[in-house]
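Worksheet for the structure shown next.
If you're wondering where the values come from, they're calculated on a predicted model, not measured in any experiment. Lettering of chains follows the sequences in order, A, B, ..., and the numbering in each one begins at 1.
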Amino acid sequence: MPELPEVEVVRAGLAPAVAGARVVAVSVVDARSLKRHVPEGADPGTGGHGVTLSPEAGAVRSADFERRLTGALLGAPARRGKFLWIPITGADGAAPRESLLAHLGMSGQLLLRAHEASDDRFVRIRLWIEHPEHGELRLDFADQRRFGSLALDALQLDGESPVPSQAAHIARDPLDPAFDDRGFVTALRSRRTAVKRALLDQTLISGVGNIYADEALWRARLHPETPGERIGPGRARDLLAALRAVFAQALAEGGTSFDEQYVNVNGQAGYFAHSLNAYGRGGEPCPRCGAPTRRIVLGGRSSHFCPRCQRRRKFSR
DNA sequence: AGCTACACCTGATAGC
DNA sequence: TGCTATCAGGTGTAGC
């Protein structure tokens, strides 16, 4: 569910409460939400994705996570694409070498609550933190479908930027000042694959998911199945601009919420669902030209587009 | 290299 | 009412 704007709303919401806070206690309610956590001394190849965690392995992971995180001093949260992390700062003021990494998957939430607040549904991991100005808070990771996870992960350098090792394989996102526009245009135009597939490839450009891919393609008037190599440089740059515009608007409207699955750190929904032009509108008239919007399946996922505004074409600019 | 299929989960909804 | 099938904002791996 959450794509770049939603994760960024969460990051910004966490920032004032966690930067400078100390972790007082940690409770792992369900070790399956630690699927990205590699315990110290463990073989990193074991217990990866799509593998059911044994109760013993889950207990080891939970204990390791709780032990290492308790007492940690938290820094300012950062984000790349849909990965979010909080650096763990050393007492000596040296550059952080470790981070608390979060991926929200389809239904993950990070919720800031008062210490004594009642439980939210689907809380999988709970942190009690103490901030010098804001006092005691609870930071709860809730996740209905458990595709998301928390982990402790080492920070490594990508140029000037520290990035958790598990997020090192993805490309920078288009809101990153160091995003390489020309590199993206070249890479997109060298691909034979459908542009929608390319947008969802996090190693080409990160942060884009199914909603914002459809919205950006609608804005750029590109058919989702257009091969990358048939897109001219001008239109590729238009697509990048469309992505940034749709991200900026979604961010300003607090992200896209269809239900309770995406909320900010205070449990509130965003408004961008009202501004969607293509996603989820199969059969409804295109807001631009009035033609009925179509829904097709591409790479196993729904794609929504206007067959009149977004024609397949031989080549464009 | 590029693609499909599938695995990991839970819940809502539609159709019978 | 209850069953089954399908769908959902993501990602990582196996296998062709």
Side-chain angles (χ1 to χ4, degrees), chain A residues 1-10 29-38 44-54 57-58 80-84 101-109 121-124 141-149 151 164-171 173 187-188 190-216 225 227-229 246-247 250 253-264 269-273 275-276 278-282 295-304:
Chain A
M1 165 229 86
E3 305 179 33
L4 185 151
E6 291 75 31
V7 180
E8 175 57 21
V9 167
V10 170
V29 181
D30 190 329
R32 283 179 291 178
S33 293
L34 287 177
K35 67 178 177 183
R36 287 180 173 82
H37 180 69
V38 181
T46 58
H49 301 271
V51 177
T52 305
L53 197 64
S54 72
R80 176 175 288 189
K82 304 170 200 172
F83 283 88
L84 167 64
L101 175 70
H103 196 295
L104 302 180
M106 292 281 266
S107 56
Q109 306 174 337
R121 291 182 83 190
F122 311 120
V123 171
R124 311 298 185 193
F141 178 72
D143 188 10
Q144 183 204 107
R145 291 178 71 182
R146 306 175 212 256
F147 289 163
S149 62
S165 66
Q166 297 196 43
H169 66 292
I170 68 167
D173 62 67
L188 174 67
S190 69
R191 294 209 177 187
R192 235 180 260 191
T193 195
V195 60
K196 168 87 183 263
R197 219 188 291 279
L199 287 182
L200 295 179
D201 179 351
Q202 304 295 303
T203 68
L204 179 67
I205 182 171
S206 67
V208 186
N210 210 30
I211 297 178
Y212 297 105
D214 281 0
E215 291 302 303
E225 289 178 303
E229 61 185 4
V246 80
F247 279 164
E253 296 179 19
T256 303
S257 303
F258 299 123
D259 46 38
E260 294 306 298
Q261 293 208 21
Y262 164 67
V263 291
N264 68 12
Y271 300 108
F272 192 73
S275 303
L276 294 172
Y279 182 84
R281 294 177 48 94
R295 173 184 176 275
I296 60 170
V297 175
L298 210 172
R301 329 210 31 206
S302 293
S303 285
H304 314 78

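Each of C:dC7, C:dT11, C:dG9 was ranked by its minimum atom distance to the side chain of A:R295; first place goes to C:dC7. The side chain of A:M106 lies closest to C:dA8, out of C:dA8, B:dC9, C:dG12. The listed nucleotides are C:dG9, C:dG10, C:dG12; the one nearest the side chain of A:K35 is C:dG10.
Atom CZ in A:R36 sits roughly 13 Å away from atom C1' in B:dC9 (whole-Å rounding). The separation between A:D201 atom CG and C:dT11 atom P is 11 Å, rounded to whole Å. Between the P atom of C:dT11 and the CG atom of A:L104 lies a distance of 10 Å, rounded to the nearest Å. In this structure, A:R124 places its CZ atom 11 Å from P of B:dC9, rounding to the nearest Å. Atoms CG (A:L298) and P (B:dG2) sit 16 Å apart, rounded to a whole Å. A:Q166 places its CD atom 13 Å from the P atom of C:dT11, with the value rounded to the nearest Å. The nearest whole Å value for the distance from the CG atom in A:L53 to the P atom in B:dC8 is 12 Å. When the C1' atom of C:dT6 is taken as reference, atom CZ of A:R301 falls 16 Å away, rounded to whole Å.
Between A:T203 and A:H169, the closest heavy-atom pair is CG2-O, 3.7 Å. Between A:S275 and A:E253, the shortest heavy-atom distance links the atoms OG-OE1, 2.7 Å.
Contact annotation: A:Q202 reaches the phosphate of C:dT11 (side-chain N/O to OP1 or OP2, under 4.0 Å). For C:dT11, the OP1/OP2 oxygens have a side-chain nitrogen or oxygen of A:H103 closer than 4.0 Å. Taking 4.0 angstrom as the limit, A:S302 places a side-chain polar atom (N or O) nearer than this to OP1 or OP2 of C:dA8. Dashed line: the shortest gap from a side-chain N or O of A:R191 to OP1 or OP2 of B:dC3 is not under 4.0 Å. In this model, the phosphate group of B:dT10 is not approached by any side-chain N or O of A:R121 to a distance below 4.0 Å at OP1 or OP2. For A:T193 and B:dC3, the shortest distance from a side-chain N or O to OP1 or OP2 is below 4.0 Å. Residue A:Y212 has no polar side-chain atom (N or O) positioned under 4.0 Å from OP1 or OP2 of C:dG9.
A donor N or O paired with an acceptor N or O is found under 3.5 Å between the base of C:dA8 and the side-chain atoms of A:R145.
One C1' atom belongs to B:dC3, the other to C:dG9, and the distance between them is 23 Å to the nearest Å. Comparing the P positions of B:dC6 and C:dA5 gives a spacing of 15 Å, expressed to the nearest Å. When the C1' atom is compared between C:dG2 and B:dC9, the two are found 23 Å apart, to the nearest whole Å.
Nucleotide B:dC9 forms a pair with no other nucleotide shown, judged by Watson-Crick or G-U wobble geometry with both contacts under 3.5 Å. Remark: C:dG9 base-pairs with no nucleotide in the shown strands. Criterion, Watson-Crick or G-U wobble with two distances under 3.5 Å.
Here the options are A:R36, A:R124, A:H37, A:Q166, the test is side chain to side chain donor-acceptor pair (under 3.5 Å), and the partner is A:S149; only A:R36 passes.
An aromatic stacking contact links A:F147 with the base of B:dC8, defined here by ring centres under 5.5 Å apart and ring planes under 30° from parallel.
When only modelled atom types and interatomic distance are considered, A:Y262 and A:E3 share no side-chain donor-acceptor pair under 3.5 Å. A donor-acceptor contact closer than 3.5 angstrom is absent between the side chains of A:S33 and A:D143.
Judged purely by atom type and a 3.5 angstrom limit, A:E215 uses its side chain to pair as donor or acceptor with the backbone of A:Y279.
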